[in-house]
*Asks:* 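Take this structure first; my questions come after.
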Amino acid sequence: MKIRAPRGTNDLLPQDTAKWQYLEDKMREVFTCYNYQEIRTPIFEVTDLFRRGIGEATDIVEKEMYTFSDKGDRSITLRPEGTASVMRSFLENKTYGQAQPTKYFYAGPMFRYERPQAGRYRQFHQIGVEALGADNPAIDAEIIALGIQFLTELELEELEVHLNSVGCPECRKNYREKLRDYFKQYLGELCSDCQDRYERNPLRILDCKADRRQEFMEDAPKIYEELCTECDQHFNQVQQYLDLLEIDYMLDARLVRGLDYYTKTAFEVIYKGLGAQDTIFGGGRYDGLAQEIDGRDIPGIGFAMGVERILLTLKEQGIELPIDQSMDLFITTIGEEAEQAAFKYLYSLRQAGLKVEMDYLGRSVKGQMKCADRNNANYSIILGGDELNKGVATIRNMKSGEQVEIKLDNLVQEMKKRIE
RNA sequence: GUGGGUGUAGCUCAGUUGGUUAGAGCGCAGGAUUGUGGCUCCUGAGGUCGUGGGUUCAAAUCCCAUCAUCCACCCCA
């Protein structure tokens, strides 16, 4: 087999898709309660959207985008995340003209050119929500609550909510200076990456894994202690709302979001058992994004959740999703005449809404019964010459082993009665 | 992009200091039971040993390259 799925991509086979469908059903159920509605945006966009929205200097834009020219010589990029597209759609469709806020959710594939690793793929899937047009801190808390409720309904445990505020461009500028002042004296002790970061983006020094253990990290100025009055107030109110909902969280001054558009609230929900990539969902407020795209001043907040990471966490915690893979009925036949008759009943039963299967490989009766068992059939029908002559079918309850004959004329009705 | 581990049957893995027809368990197919699944027993099918090159009388085994995969860094979902 020479042709394989491209690196970092995965086939989802039926045993997987059943789980994915369960997650998506649960997503719709929970998010709808919070009055979020589904939006579907294109999987590719004009490259400029991401350059401007996510930020020219970010890793995503610098080295992780799947970008190509289409036949019309337009630069196109497979979306590396969902927020920029949702904001683009919001602006393009002038949705701000409707009653606000606008609350959306979405689910779908994202693409980033990275080396695959546990919990990281080149095509991965996110479930995301975005609330646009409201800067009320209650929305920030609502978004976190929604994510936590979703994961809790999947029975996930030991989730940590990390909370920070990255302030507005004003407080960030001041803070950046404070950080530089602080790290100046330790510059020689920082790793080489961080020496670069010192100039380019000192905030990133805070979550460097190499330098994490250094003692002076403890005493580095915390951004949430350096916020301007407005940002500080917002941050406090988010916490109050979370307290009100009794959602546990920990302040984490090291939580720095990589994308340019983030302002104020930043959060991450992590599960420590996942390995290096332990964030299940992360997000925050992006009051500056709309301006980057369209010059309009529209606040927004959202998060993105990694579907593969949810699945990993479920596996790690030994949680089996309640998925029913059984089928109602398996038809076993003996002889060609019976096979033809069965094919017709198969159709009728399926039209009646039953999940029914028969053998197509000419297996022995024993083989067919085995097949019925493998398919988790609740009942099997045995249809042979004897039955056809008498105008009946033998119905076997696969759990109890009990068998009865019923008239073929009543087959569909009788089966429906049993299945209900 | 950088570093390390691993590639043998559909799956999980054995395979001695290089030595002749490459094994096991599970799964799959058939039979024991002339028309009845799960348990048991028997039988069978299935492998260019990731790929290419090299060393050697001889390579799954040693060397080189390459690809894939896993893990970690960077960064993020």
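Letters A, B, ... mirror the listed sequences (proteins, then strands); counts begin at 1.
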*Asks:* Less than 6.0 angstrom separating the ring centers of A/F183 and A/Y198, yes or no?
*Replies:* no

*Asks:* Taking the minimum atom-to-atom distance to the side chain of A/T279, which one of B/rA77, B/rA29, B/rC70 wins?
*Replies:* B/rA77

*Asks:* Only pairs with both distances under 3.5 Å count, Watson-Crick or wobble alike; so what is the partner of B/rA58 in this structure?
*Replies:* none

*Asks:* Ignoring backbone atoms, establish whether A/S364 has a side-chain N or O less than 4.0 Å from OP1 or OP2 of B/rG31.
*Replies:* yes

*Asks:* Measuring only the P atom in each nucleotide, how far is B/rG27 from B/rA68? A whole number of Å is fine.
*Replies:* 34 Å

*Asks:* Across all strands, who's sitting opposite B/rG3 as a Watson-Crick or G-U wobble pair, both distances under 3.5 Å?
*Replies:* B/rC71

*Asks:* Of the non-hydrogen atoms in A/G82 and A/E130, which two are nearest, and what is the gap between them?
*Replies:* C-OE2, 4.5 Å

*Asks:* Roughly, in whole Å, what's the span from NZ in A/K366 to P in B/rU36?
*Replies:* 9 Å

*Asks:* Please tell me if A/Q277 has a side-chain N or O lying less than 4.0 Å from either OP1 or OP2 of B/rC75.
*Replies:* no

*Asks:* With a 4.0 Å cut-off, would you call A/E225 and A/K222 a salt bridge?
*Replies:* no

*Asks:* Just wondering, more than 12 heavy atoms not from A/Q351 lying within 6.0 Å of its CD?
*Replies:* yes

*Asks:* Report, as a single string ordered 5' to 3', how protein heavy atoms within less than 4.0 Å touch nucleotides 2-7 of chain B: B base, S sugar-phosphate only, - not at all.
*Replies:* BB----

*Asks:* So which one's nearest nucleotide on RNA chain B is more toward 5', A/I60 or A/G367?
*Replies:* A/G367

*Asks:* Let me know the distance between CZ of A/F124 and P of B/rC76, rounded to the nearest Å.
*Replies:* 12 Å

*Asks:* Considering every strand and a 4.0 Å limit on heavy-atom distances, what is the contact class for A/G335: base, sugar-phosphate, or nothing?
*Replies:* nothing

*Asks:* Does anything in residues 409-420 of chain A reach RNA chain B, meaning a heavy atom under 4.0 Å, and if so which residues?
*Replies:* none

*Asks:* When you match A/G362 and A/E64 each to their closest nucleotide on RNA chain B, which lands nearer the 5' end?
*Replies:* A/G362

*Asks:* Check each residue of residues 153-167 of chain A for a non-hydrogen atom within less than 4.0 Å of any atom in RNA chain B, then write out the ones that pass by number, or none.
*Replies:* none

*Asks:* Which is true for A/G128 with a 4.0 Å heavy-atom rule: it touches a base, it touches only sugar-phosphate, or it touches nothing?
*Replies:* nothing

*Asks:* Partner of B/rG44 by Watson-Crick or G-U wobble geometry, both contacts under 3.5 Å, or none?
*Replies:* B/rC28

*Asks:* Checking all strands, does A/R374 fall into the base, sugar-phosphate, or nothing category for heavy-atom contacts under 4.0 angstrom?
*Replies:* sugar-phosphate

*Asks:* Quick check on A/E62: does its CD atom have over 12 non-hydrogen neighbours (other residues, nucleotides or ligands) under 6.0 Å away?
*Replies:* yes

*Asks:* Can you confirm whether A/Y182 is buried at OH, in the sense that more than 12 heavy atoms of other residues, nucleotides or ligands lie under 6.0 Å from that atom?
*Replies:* yes

*Asks:* Should the pair A/F303 and A/F281 be assigned to parallel (<30°), tilted (30 to 60°) or perpendicular (>60°) ring geometry?
*Replies:* tilted

*Asks:* Counting only side-chain nitrogens and oxygens, does A/R204 get under 4.0 Å of the OP1 or OP2 atom of B/rC76?
*Replies:* yes

*Asks:* Testing the basics here: between A/I60 and A/I54, what is the closest heavy-atom pair and its distance to 0.1 Å?
*Replies:* CG2-CD1, 4.1 Å

*Asks:* Could A/E414 and A/R418 be called an ion pair, given the rule that one side-chain N must be under 4.0 Å from one carboxylate O?
*Replies:* yes

*Asks:* Establish whether the base of B/rC76 is bridged to the side chain of A/R309 by a donor-acceptor pair shorter than 3.5 Å.
*Replies:* yes

*Asks:* Taking 4.0 angstrom as the limit, do A/E402 and A/R396 come out as a salt bridge?
*Replies:* no

*Asks:* Base, sugar-phosphate, or nothing for A/K370, non-hydrogen atoms under 4.0 angstrom?
*Replies:* sugar-phosphate

*Asks:* Can you confirm if the NZ or CZ of A/R122 lies within 45° of the ring axis of A/F111 and under 6.0 Å from the centre of its six-membered ring?
*Replies:* no

*Asks:* Are the side chain of A/R112 and the backbone N or O of A/M65 linked by a donor-acceptor pair below 3.5 Å?
*Replies:* no

*Asks:* Between the side-chain atoms of A/E114 and the base atoms of B/rC74, is any donor-acceptor pair under 3.5 Å?
*Replies:* no

*Asks:* Below 4.0 angstrom, N of the basic side chain to O of the carboxylate: do A/K272 and A/E160 qualify?
*Replies:* yes

*Asks:* Just to be sure I understand the rule, does A/Q123 reach a base, reach only the sugar-phosphate, or reach nothing, if contact means heavy atoms closer than 4.0 Å?
*Replies:* nothing

*Asks:* Give a yes/no on whether any side-chain N or O of A/R396 is located under 4.0 angstrom from OP1 or OP2 of B/rG37.
*Replies:* no

*Asks:* If we call it a pair only when both distances are under 3.5 Å in a Watson-Crick or G-U wobble match, what pairs with B/rU66?
*Replies:* B/rG50

*Asks:* May I ask whether A/F281 stacks on the base of B/rA77, given the cut-offs of 5.5 Å between ring centres and 30° between planes?
*Replies:* no

*Asks:* Have a look at A/F330 and say if it touches a base, only the backbone sugar-phosphate, or nothing, with a 4.0 Å heavy-atom cut-off.
*Replies:* nothing

*Asks:* Using every non-hydrogen atom in the two residues, find where A/F50 and A/E81 come nearest and quote the distance to one decimal.
*Replies:* CE2-O, 4.2 Å

*Asks:* Decide yes or no, distance alone: a donor-acceptor N/O pair under 3.5 angstrom between the base of B/rU36 and the side-chain of A/Q368.
*Replies:* no

*Asks:* Base, sugar-phosphate alone, or nothing: which one does A/L361 contact when heavy atoms must sit under 4.0 Å apart?
*Replies:* nothing

*Asks:* Base, sugar-phosphate alone, or nothing: which one does A/A372 contact when heavy atoms must sit under 4.0 Å apart?
*Replies:* nothing

